[in-house]
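Take a look at the structure below.
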Amino acid sequence: MSAPIRIRPDETFTLNVGPQHPATHGVLRVKMEMDGEYIVNAETVIGYIHRMHEKMGELKTYPQFLMNLSRMDYLGALGYSHGHVLLIEKAAGIEVPERAEYIRAITVELNRIASHLFWFGAFVMDLGGFSPLMYALQDREYILDMLEAVTGSRLTYSYYRFGGLYNDVDDDFIAAARRFIPRMRTSMKKYHKLVTGNIIFKKRLEGIAPLSPEIIRKYGATGAVARGSGINFDVRKNEPYSVYPEFDFDIPVFHECDSLARYKVRMAEIEQSLRIIEQGLDKLPGGPIMPEKKKPIKIAPGDYYQAVETARGSFGIRLVSDGGKTPYRLKLRSPTYSNMHLFDESCRGMLIMDALAFMGSLDLVIPEIDR
Amino acid sequence: MSLTLLNVIVAVFIAIAFAALNAAYLVWAERRGAARIQRRPGPNINGPFGLFQPPLDGVKLMAKQLLIPGDVDKILFMVAPVLAMAPAITSFVTIPFSSHIVGHNMHIGILLVFAFASMGGMALLLAGWSSRNKYSVMSSVRAVSQAIAYEIPMLITAITIVMITGTTDLMGIVKAQTGGFWHWNIFPFKAGLFNPLMLMSFLIFFICSLAETNRAPFDLGEAESELVAGFHTEYGSMGFGLFFMGEYANIVIGASLTTILFLGGWDCPFGLFPGVWWFLLKIYLLIATFIWIRWTFPRTTIYGLLNLSWKILIPASLFNLLLTAGLLKVF
Amino acid sequence: MIVEKTKRALLNLFPQSDSSLPSAPPEEEGTAKTPKKEPPRPNGLIIRDYSVHGYHLDAQVAPAQLTDAVTILDEAGFFVESITGVDWIKEGQIEVIYDFSRYDFDLCRVVIRTRVPRDKAAVPTITGIYAGANWHERETHDFFGITFEGHPHLIPLLLPEDADFHPLLKDFKA
């Protein structure tokens, strides 16, 4: 990035990146005003796959809405379901058996690894390296097989129920998860050798798209985007929920603020998730996975809020209840929505290829932005 | 005279056949190689090892409708793919595959190859410009700046070789390297000249041929994650097919030139059975390296690419040129 | 404790109630009440039970006080989590809800809410304070038709660009 940036505002042209573009990973459109290869101004246009989950939330009863959450983020669906069931359990006062919470934490972390693996592959592909995607998908496949065996689906899981789980894990799952941990650790070493140490890869990310902690705060960015800018924020630690206080794990934080820092955060998170899974498998208590007696869900009028840390950041869900069978209002706060929002301001003056690498480092899942 | 003309025409036909066959099967090799690198089977359904895949792909491409978008500059749009393919094929005519197999040996062979190689960049420029697509225009601008940046160190390195061997005749350059691998230009202990930087020169030339042929990690012209498909975004069917064949033909040319200039052409490393097989072995090893690099490295940036050429490769190759000149004077 | 500090700062917005602040909501949660007509909640600060509601401070302000309240939070280092609305059709009001949280370990979630009449729904924008409120406000404008006065670019975000309907209004018919 040694080239001086000289913007000539009278000689710009508009470039439509998307809604069908290989770098946007979905139907996202960025209207870029370009001066040659430099971006003068950008305006992100979203909403191409807006499905109005919030209206569905108002029309469907509480259990009916369970499967909507997994359709928000197809790569890390379990984290979103987790937030939803935690909220309803908190609001309705439903007790969750300990075993169910442990299994939730294990599966959420597996899902987080799967999501990060996919991101890793897609991110390197954004930078023009094809092979890591295939390696990452192979490891991800292992997780999907495991989750398929217990949840019944490979991508859009509706595994959690209010008060517990749909299905208990069996010994096969536990054995497979135990086999997976060393396998994944070996793979991580390979990824670091193949990608992290690569000179071209480093040069393309180092110092690119610095996001100051202040801009992160003004936009409310969370997840690896915030942690790559030196903000030690992870809902699992800052606002502990579920059984996360029982686990010993670290929140990787990098202070370089650039795209490489965001990459490093996610790679380190995979290793931390492995630690959580390992401890979860060790501590996994016996017992039921659903409360013995099912109560109908009754939520007193009022506001309820629950935040969880998904693969992409802090996912918040706000319920306004009027005491009825359906929520009066259900607000879904998706992390990428805020993370993507800062793209417009931050990409000014960047080269288009750096900006697209930056976009890749934000880990976008478009259905999750559009909801 | 007329015999020479006939000779050249036959050579061109053979070159077209060779280039097309190479393009087809290099695509197959690339896909199989990429698949091997990525731990998947690759094309393996049609024929043994999927060997019938390339002709089937060719039939598919030819059977497709030739779509010309409404707003393009039609003439240039049609000319560009031909222009991408034709110079590459013409270059084959002068390349000596062995001491006997050469289309038409010329004493300015090396200049001819470089002249035709430069036309490839023009084809990309025309394709991008005539497509009336912003991505294509950006891509072709990149391609041209890249072509300019990398032709210079490539030519300087070639001049170094010409100085050492004392000829611009490709055959003469190979003949100057005969008699065991220690006579090859790549090695510093070539008889009569102890230039320790020849290996570096080889690397410069190799990197330049990667960049000249728009191969990863220098495939900024295509850069499909940024510029959709770059200059050939608007091309389909055989227009795209010609670009593709042109690219692979250029790869073969690049590998052939590297082999001739640095690796002793058809010469055997131990002076045994020199012949076309050694030449083919060397170029396919180089091409395998091309493929290997493409599926391992991410893409550079445009400034990284230009900085590499202007700040490192050109000074380094110039230095080696001067050093070689000095050494030639001394020894 | 940041909760105490923020509470004190926010209380300055309500000069009449600085001595006798309602420390808990008047009605007890969980007891199913017969739905009776309640008057809309008066402006003021309520301290919520975090373990039940998931947030600590709940301040309802007049639309005119909104930017003051948000500035207090901005200066205290909060970030904006989300902005949304609720259509209270029976009361003829629309509520705009602002969620704030913190990055540090001093956990404090603050909800700022303001109510405006349904037929004239307009609140001042906070994009001048939090640039990230831009999309949230546009989205709320899409869904509820609330005008954010002073918003630089209040066009549909998630809905089609020619959308003239507001789907989350309770009287919306598809």
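So that the names make sense, note that chain A is the first sequence line, chain B the second, and so on, each numbered from 1. The figures here come from the full heavy-atom set of this structure, side chains too, leaving out hydrogens, waters and symmetry mates.
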Those residues that, when tested against A/Glu98, pass side chain to side chain contact (heavy atoms under 4.5 Å, CB included) (two or more places apart): A/Tyr102, A/Pro285
Closest heavy-atom pair and its distance - A/Met52, C/Pro167: SD-CG, 3.9 Å
Test side chain to side chain contact (heavy atoms under 4.5 Å, CB included) applied to A/Arg371 and C/Leu158, step by step: CA-CA 9 Å; A/Arg371 289 161 297 157; C/Leu158 291 173; 3.7 Å; yes
C/Lys170 NZ: over 12 foreign heavy atoms closer than 6.0 Å: yes
Among the listed options C/Phe79, C/Tyr103, C/Phe78, the residue most often paired with chain A at heavy-atom distances under 4.5 Å: C/Tyr103
C/Asp74 bridged to A/Lys218 by N-O distance under 4.0 Å: yes
Any residue meeting side chain to side chain donor-acceptor pair (under 3.5 Å) with A/Asp303, in chain and number order, not counting sequence neighbours: A/Arg318, C/Arg113
Greatest number of heavy atom pairs closer than 4.5 Å to chain C - which of A/Ile215, A/Leu87, A/Ile216: A/Ile216
Contact leader toward chain A among C/Leu168, C/Val80, C/Val86, where contacts are heavy-atom pairs under 4.5 Å: C/Leu168
Check: A/Phe233 and C/Arg102 side chains under 4.5 Å, non-hydrogen atoms: no
Nearest non-hydrogen partners of C/Ala131 and A/His341, listed with the distance: O-CE1, 3.6 Å
Chain A interface, residue from C/Gly77, C/Pro156, C/Ala133 that has the most non-hydrogen pairs under 4.5 Å: C/Gly77
C/Glu81 vs A/Ser338 side-chain heavy atoms within contact, under 4.5 Å: no
Pairwise distance CG(C/Asp142) to NE2(A/His50) - rounded to 0.5 angstrom: 7.5 Å
Trace of the side chain to side chain contact (heavy atoms under 4.5 Å, CB included) decision for A/Tyr305 with C/Val111: CA-CA 10 Å; A/Tyr305 196 88; C/Val111 176; over 6 Å; no
Point-to-point distance, once rounded to the nearest 0.5 Å, from OH of A/Tyr304 to CZ of C/Arg48: 9.0 Å
Proximal component of C/Leu107, with respect to chain A [non-hydrogen, under 4.5 Å]: side chain
Part of A/Glu58 within contact of chain C (heavy atom distance under 4.5 Å): side chain
Side chain, backbone, both or neither of A/Ser334 within contact of chain C (heavy atoms, under 4.5 Å): neither
Check: C/Asp99 and A/Arg333 side chains under 4.5 Å, non-hydrogen atoms: no
Salt-bridge contact C/Glu139-A/Lys331 (side-chain N to carboxylate O under 4.0 Å): yes
Under 4.5 Å from any heavy atom of chain A - which part of C/Leu169: backbone
A/Val45/C/Glu161 under side chain to side chain contact (heavy atoms under 4.5 Å, CB included): CA gap, chis, key distance, verdict: CA-CA 10 Å; A/Val45 183; C/Glu161 57 262 30; over 6 Å; no
Options C/Ser51, C/Gly85, C/Pro160, ranked by heavy-atom pairs under 4.5 Å with chain A, top entry: C/Gly85
Interatomic spacing from SG in C/Cys108 to CD in A/Glu239 - rounded to 0.5 Å: 10.5 Å
C/His153 versus chain A, the contacting section by heavy-atom distance below 4.5 Å: side chain
CG on C/Asn134 to CG on A/Leu342, rounded to 0.5 Å: 12.0 Å
Pairwise distance CH2(C/Trp88) to CG(A/Asp322) - rounded to 0.5 angstrom: 7.0 Å
Segment of A/Glu214 engaging chain C (4.5 angstrom heavy-atom cut-off): neither
Residue, of A/Tyr241, A/Tyr328, A/Tyr48, A/Tyr219, that accumulates the most heavy atom pairs under 4.5 Å with chain C: A/Tyr328
Rounded distance (nearest 0.5 Å) linking atom NZ of A/Lys237 with atom CZ of C/Phe105: 7.5 Å
Part of C/Ile83 within contact of chain A (heavy atom distance under 4.5 Å): backbone
Pairs of heavy atoms under 4.5 Å with chain A: top-ranked of C/Ile97, C/Leu157, C/Asp58, C/Ile129: C/Leu157
